[in-house]
Student: 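Can you read through this structure? Questions will come right after.
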2 protein chains.
Amino acid sequence: MVPTHDPQLLKGVLSLLLLRLLAERESYGYEVVQRLRELGLSDIGEGSVYPALARLEREGRLQGRLVASRSGPARKYYRPTPAGSQALSEGTESWLSLAAVVHPVLVRRLPDPSTTTLPTATEDT
Amino acid sequence: MVPTHDPQLLKGVLSLLLLRLLAERESYGYEVVQRLRELGLSDIGEGSVYPALARLEREGRLQGRLVASRSGPARKYYRPTPAGSQALSEGTESWLSLAAVVHPVLVRRLPDPSTTTLPTATEDT
DNA sequence: TCGAGTACCTGGCATAGTCAAGTAGTAGGC
DNA sequence: GCCTACTACTTGACTATGCCAGGTACTCGA
């Protein structure tokens, strides 16, 4: 099984993913959830996506429009505004630079603990 | 200019980094802040690190001990407990699998918007 | 009419990073 | 003795944001 994802790790990343997916293709909430799940975020919920979309629209990063559907209620299609596109590129840069710090640290080999010396009361750097 | 880091992106990642750095070498808060800054997290503050360390200790993932210093107040050295080591490996796995989803999406080329068709009122999937 | 699938929204909650301020110890200069 | 700077830790209030649970409502087929 896929390891249970830590909700905290998604913070900030979700809105980035939303901006990105909507920059690739205009889409509505319900579909975005499906697209996220297809990407591998299997346990993402509507309760995470809809509020995030609403917030991004409120902040002027997304612009939505209602389109009637023949298979259910009207869909609200979102696409990034210019401000949204800028937020996307800035956010992408932030994420990449953070990942560039985090990744190498997490994958480098742990030193053998038995060879390390421990600080004692009187030692000082 | 380095892009201002989004505080949200650090959520969850910070405790992972702390566990990792302390698994590599026992260390105290003030020093951990310096180690993080050397890694490139230049605008990390003490107010983020100390509470995180305290929380990890409270949760039984870190164990701390006081060591007197000749250059200031006593230092509180932390090292991971067995539970902390397990949290580290689980967290690392979570982070890697999330990054494996996020990274490709963020770096793939955006399709040319002019070639895409927009949904209209009567279309349906 | 009833259930299932589609589609959206909301309130309340928990988590965790940030800011600002405070407390103390050591050491050097005057 | 006093002041400043560096070291070192702590705390309270604030904020952002994902998650859960529940609700509304439309379409379609049995």
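Predicted model only: the values in this text are computed from it and were never measured. Side-chain atoms are counted along with the backbone in the values below, which use heavy atoms only and exclude waters and symmetry mates. Within every chain, numbering begins at 1; the chains are lettered A, B, ... in the order of the sequence lines, protein sequences first and strands thereafter.
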Student: Could you state the atom-to-atom distance from CZ of A/Arg75 to P of C/dC8 in whole Å?
Tutor: 8 Å
Student: Is a side-chain donor or acceptor of A/Arg37 paired with a backbone partner of A/Ile44 at a separation under 3.5 angstrom?
Tutor: yes
Student: What orientation do A/Trp95 and B/His103 show, parallel under 30°, tilted 30 to 60°, or perpendicular over 60°?
Tutor: tilted
Student: Under 4.5 Å between side-chain heavy atoms, hopping through other hydrophobics if needed: is there a path connecting B/Leu66 to B/Tyr50?
Tutor: no
Student: Check whether any side-chain N or O of B/Tyr28 sits under 4.0 Å from OP1 or OP2 of D/dA8, and answer yes or no.
Tutor: yes
Student: Could you state the atom-to-atom distance from CZ of B/Arg35 to P of D/dT7 in whole Å?
Tutor: 17 Å
Student: Figure out the CD/P separation between A/Glu46 and D/dC20, and round it to whole Å.
Tutor: 12 Å
Student: Round to a whole Å and report the spacing from CZ of B/Arg58 to P of C/dT15.
Tutor: 10 Å
Student: Under a 3.5 Å distance rule, please check whether A/Thr81 uses its side chain to pair with a backbone N or O of A/Gly60 as donor and acceptor.
Tutor: yes
Student: Is B/Ser69 close enough to D/dA8 that one of its side-chain N or O atoms is under 4.0 Å from OP1 or OP2 there?
Tutor: yes
Student: Between C/dA16, C/dG25, C/dA7, which nucleotide gets closest to the side-chain atoms of B/Glu59?
Tutor: C/dA16
Student: Nearest-Å distance, CG (B/Leu14) to C1' (D/dA16)?
Tutor: 16 Å
Student: Roughly how far, to the nearest 0.5 Å, is CD of B/Glu93 from CG of A/Leu106?
Tutor: 12.0 Å
Student: Calculate the interatomic distance between A/Tyr50 atom OH and C/dT10 atom P; express it in whole Å.
Tutor: 12 Å
Student: Once you apply a heavy-atom cut-off of 4.0 Å, does A/Ala54 come out as touching a base, just sugar-phosphate, or nothing?
Tutor: nothing
Student: By nearest nucleotide on DNA chain D, pick out whichever of A/Ser15 and B/Tyr30 is the more 5' one.
Tutor: B/Tyr30
Student: C/dA7, OP1 or OP2 - any side-chain N/O from A/Ser71 closer than 4.0 Å?
Tutor: yes
Student: Whole Å only: how far is the CG atom of B/Leu36 from the C1' atom of C/dT18?
Tutor: 15 Å
Student: Reading DNA chain D from 5' onward, which residue's closest nucleotide shows up sooner: A/Lys11 or B/Gly29?
Tutor: B/Gly29
Student: Distance check: side-chain N/O of A/Arg55 vs OP1/OP2 of D/dT17, anything under 4.0 Å?
Tutor: yes
Student: Whole angstrom is fine here: how far is it from CZ in A/Arg61 over to C1' in D/dA16?
Tutor: 13 Å
Student: Between A/Gly47 and A/Gln34, which has a closest nucleotide on DNA chain C that is more 5'?
Tutor: A/Gln34
